[in-house]
Structure formats: C-alpha cells, structure tokens
Visitor: 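Starting off with a structure, shown below.
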Amino acid sequence: MNKVGLFGTCRVKIINTQDDFKKIKFDDLPYVYKNNNIQINIRPLGYTTTTSDIYQNLSLIHSNFYKKINDTFLFNNIFLKRGGKSIITDLDYDCIVLEICSIKKLIHLKSNLVIPYEVEGEFIPSEYITKSECYNETIENIQKIQKLLNCKIILLPPITEISGYIQIGKHENTFPNKVLEYRKDIIARLIKASDNKNIFLFNWNKIINEKGEKFIMQDQFHFTNEGKKYIGEKLINFITQNI
C-alpha cells in the first residue's frame, strides 16, 4: 500500500468526500484515510503555508529535535496550528503533496523557528521577525524536502482564479494590488521546482477555470463541498498516476 502525506491549509482536507476511502482517524486533525491502494495522512505535521515551515517541520521530526521543544506554546504553534490535536511522526512516504501558498516566514527570534501562518495565543511583536523566501530559497527547500524523504512530491499552488475584490490572506506578505502578482510569482517558482522527474505540479487553478469558480469556490479561500469532491477526485487520480 502506498502512503501519501498532504501538507497545507484547510484546502487539503478534501479526501473525506471520496466514497471508497475508509476513515481511519477523522475525529481530530491529523486525519487518516485508506482505500485498497493508498493511505493518506492529512496535515500530519500541522497547518503549513510555505516551503520553509514544511521543510522545518519535517527536519524537526527526522532529527528527533521536536522532542526537545519543551515550550508548549511554541510546540503548539509549530505543529498543532488550526485545530491539530496530535502529529504523525512516521515519514516513510511514497509521495507527499505540498500546498505552497505563501513565501512569508514568521520567525520566532529566541528559537529561530518558523511559526506557520500566524501566532495563536498572545502575540508579542518584538519576539518575532517577518521575512520572505527569495526565489531560489523556495526551489531549494523543495529540493531539500525531496532529498530528505526520497519520495515523489506533488505541489499545489496558490489560488489565482478568483473574481471581484481580491483579499489578502494572513499568510501573505504583500499589498492589495499585488496579490495576484505575488501568487503568480509563487507559481513560477513551483513550475521551476517541478522541472524534475520526481516533482510534479498539480495546478488546481486550471480545474477552477474549467469547472467554474462558483462551482469550486465557496469564497476566495475555501472550496465548496462539491468543489472538494471534484478536486479531490482529480488529485487522487493524479497521485495514483504519478506514484
């Protein structure tokens, strides 16, 4: 049986609509689903948005350094963001799917660790610094992840097929009139990174464009139930074809 890990935001929680998947663990994040061919772990190491926090979290598990993070506030903000109750430390994956929707790094100065997305709980600005990944850093992080786990990687890009006033996600480090430019720059990085026989880009923007924004998108950040099912089926087929 092939094992797959889905890393990202709420948008990667799309497998529960697949009829042939048995829910192994679904009461609390991370979720685990199985069918006859694949086991899928959804958000096994928390809520992530950048290559930096994904690579960091995988490295912390791989080195066992995560066991030395004794600060509960810090541990929760790194691994249990946005509803997580536990983590899955097994890194023996055949394929991982990485949603990369940001290049914003929120760095905790005392520990030098990246906090994915935003701080949950008391936020003291003087204890953090915000930086942005440069072009090469994004690509190199993906290559480091591939080398660390030695498995296939499927990349999911930011959403660009949106209409109306464009909102900035809290994970984004840009200006209102630069949001689409910001996201397209990330997609360009992912295209470059996928110039590799073991790294693929699943551009769900093409699906949104073909099927229609109203069918797929609930709002600018979330999928409809129908959209989850439709994209979920497409993604599962893509994973199966490329494992």
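All values below were derived from every heavy atom in this structure, side-chain atoms included, with hydrogens, water molecules and symmetry-related copies excluded.
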Visitor: About how many Å separate CG of N64 and OG1 of T89, when rounded to the nearest 0.5 Å?
Guide: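 Going from the OG1 atom of T89 to the CG atom of N64 covers 8.5 Å.
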Visitor: Taking atom types as modelled and ignoring hydrogens, do the side chains of E133 and T138 form a donor-acceptor contact shorter than 3.5 angstrom?
Guide: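 E133 vs T138: donor-acceptor pair found between side chains.
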Visitor: Would you please test R183 and I162 for side-chain contact (heavy atoms from CB on, under 4.5 Å) and show each step?
Guide: CA-CA 12 Å; R183 296 180 187 180; I162 50 180; 3.5 Å; yes
Visitor: Tell me whether E172 is salt-bridged to K104, with the criterion being a basic N under 4.0 Å from an acidic carboxylate O.
Guide: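 A salt bridge is absent here (no side-chain N lies under 4.0 Å from a carboxylate O).
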Visitor: As an exercise, state the distance from CD1 of I107 to CD of E127, rounded to the nearest 0.5 Å.
Guide: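 Here the rounded value is 14.5 Å.
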Visitor: Taking only residues at least two apart or on different chains, which pairs with a member in residues 138-171 satisfy ring pair (Phe, Tyr, Trp, His ring centres under 6.0 Å)?
Guide: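 Sorted result for residues 138-171: empty, none.
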Visitor: Check for me whether the distance between the ring centres of W204 and F238 falls short of 6.0 Å.
Guide: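 W204 vs F238: aromatic centres not under 6.0 Å.
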Visitor: List in chain and number order the residues that pass ring pair (Phe, Tyr, Trp, His ring centres under 6.0 Å) with Y117, two or more places apart in sequence or in another chain; answer none if no residue qualifies.
Guide: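 Y117 satisfies ring pair (Phe, Tyr, Trp, His ring centres under 6.0 Å) with Y47 only.
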Visitor: Tell me, please, which residues at least two apart from F79 pass ring pair (Phe, Tyr, Trp, His ring centres under 6.0 Å).
Guide: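 Testing F79 for ring pair (Phe, Tyr, Trp, His ring centres under 6.0 Å), a comparison that skips the adjacent residues, returns F75.
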Visitor: Flag yes if more than 12 heavy atoms outside N177 fall under 6.0 Å of its CG atom; otherwise flag no.
Guide: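 More than 12 heavy atoms, drawn from other residues, nucleotides or ligands, come within 6.0 Å of this atom.
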Visitor: Any chance you could measure I236, atom CD1, to I38, atom CD1, to the nearest 0.5 Å?
Guide: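 One gets 5.5 Å once the value is rounded to the nearest 0.5 Å.
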Visitor: Is the charged tip of K211 near the ring of Y230: under 6.0 Å from the six-membered ring centre and within 45° of its axis?
Guide: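 Yes.
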Visitor: Can you see whether H108 engages S111 through a side-chain donor-acceptor pair at a distance of less than 3.5 angstrom?
Guide: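 H108 vs S111: donor-acceptor pair found between side chains.
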Visitor: Among L58, I78, N57, V114, whose side chain to side chain contact (heavy atoms under 4.5 Å, CB included) with T48 holds?
Guide: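 That would be N57.
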Visitor: Would you check if the side chain of N242 reaches a backbone N or O of N198 as a donor-acceptor pair within less than 3.5 Å?
Guide: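 Looks like no, no N/O pair under 3.5 Å.
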Visitor: Using the rule that two of Ile, Leu, Val, Met, Phe, Trp, Tyr join whenever any of their side-chain heavy atoms come within less than 4.5 Å, decide whether I69 and F73 are in one cluster.
Guide: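 Yes: a chain of side-chain contacts under 4.5 Å links I69 to F73.
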Visitor: Taking side chain as C-beta onward, heavy atoms only, is I14 less than 4.5 Å from F223?
Guide: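 In short, these two side chains touch, coming nearer than 4.5 Å.
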Visitor: Could you tell me whether the side chains of D53 and T50 share a donor-acceptor contact shorter than 3.5 Å?
Guide: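 A donor-acceptor contact under 3.5 Å links the two side chains.
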Visitor: Rounded to the nearest 0.5 Å, what separates atom CG in N37 from atom CG in D20?
Guide: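 Rounded to the nearest 0.5 Å, the CG-CG separation comes to 8.5 Å.
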Visitor: Check whether F202 and I187 end up in the same hydrophobic cluster, where Ile, Leu, Val, Met, Phe, Trp and Tyr are linked by side-chain heavy atoms less than 4.5 Å apart.
Guide: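 Different hydrophobic clusters.
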Visitor: Do C151 and D94 have side-chain heavy atoms sitting under 4.5 Å apart?
Guide: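 With C-beta onward as the side chain, the pair stays apart.
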Visitor: Do Y93 and P44 have side chains that get closer than 4.5 Å, going by heavy atoms?
Guide: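 Heavy-atom side-chain distance check passes, below 4.5 Å.
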Visitor: Is L98 reachable from L60 through a run of I, L, V, M, F, W or Y residues, each pair having side-chain heavy atoms under 4.5 Å apart?
Guide: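 In one cluster: yes.
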Visitor: Could you walk me through whether L148 and Q146 pass the side-chain contact (heavy atoms from CB on, under 4.5 Å) test, one step at a time?
Guide: CA-CA 6 Å; L148 182 70; Q146 203 282 321; over 6 Å; no
Visitor: Quick one: do I103 and I129 end up in the same hydrophobic cluster if we chain Ile, Leu, Val, Met, Phe, Trp and Tyr together by side-chain heavy atoms under 4.5 Å apart?
Guide: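 They do not share one cluster, since no chain of ILVMFWY contacts under 4.5 Å joins I103 to I129.
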Visitor: Answer yes or no: is there an ion pair linking E181 with K178, defined by an N-O contact shorter than 4.0 Å?
Guide: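 K178 and E181: salt-bridged.
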Visitor: Walk me through it: do H222 and K228 pass the test side-chain contact (heavy atoms from CB on, under 4.5 Å)?
Guide: CA-CA 9 Å; H222 304 92; K228 289 178 184 178; over 6 Å; no
Visitor: Is any side-chain heavy atom of R43 closer than 4.5 Å to one of Y31?
Guide: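 No. Closest side-chain heavy atoms not under 4.5 Å.
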Visitor: Any chance you could measure I186, atom CD1, to T49, atom OG1, to the nearest 0.5 Å?
Guide: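 The distance works out to 8.5 Å.
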Visitor: Within the 4.5 Å heavy-atom criterion, are I40 and V32 side-chain neighbours or not?
Guide: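 When only atoms from C-beta onward are counted, V32 and I40 do not touch, as no gap falls below 4.5 Å.
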Visitor: Can you hop from F221 to I168 via hydrophobic side chains spaced under 4.5 Å?
Guide: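 Result: no, two separate clusters.
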Visitor: Please test I24 against Y33 for side-chain contact (heavy atoms from CB on, under 4.5 Å), starting from the C-alpha separation and ending with a verdict.
Guide: CA-CA 5 Å; I24 305 301; Y33 296 91; over 6 Å; no
Visitor: Would you say D28 has more than 12 foreign heavy atoms packed within less than 6.0 Å of its CG?
Guide: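 More than 12 within 6.0 Å, yes.
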Visitor: Does the side chain of L156 reach to within under 4.5 Å of the side chain of L235, using non-hydrogen atoms?
Guide: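 A side-chain contact exists here, since the closest heavy-atom pair is under 4.5 Å.
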Visitor: Does some side-chain heavy atom of Q167 sit less than 4.5 Å from a side-chain heavy atom of D219?
Guide: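 The answer is no, as the side chains (C-beta and beyond) never meet within the 4.5 Å cut-off.
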Visitor: What is the distance from atom OG1 of T160 to atom NZ of K206, rounded to the nearest 0.5 Å?
Guide: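 Going from the OG1 atom of T160 to the NZ atom of K206 covers 11.0 Å.
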Visitor: Taking atom types as modelled, find out whether N141 and Q143 have a side-chain donor-acceptor pair closer than 3.5 angstrom.
Guide: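 Distance-only check fails for N141 and Q143.
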Visitor: Does E137 come within less than 4.0 Å of K105, counting only side-chain N to carboxylate O?
Guide: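 Counted as a salt bridge, because a side-chain N and a carboxylate O are separated by less than 4.0 Å.
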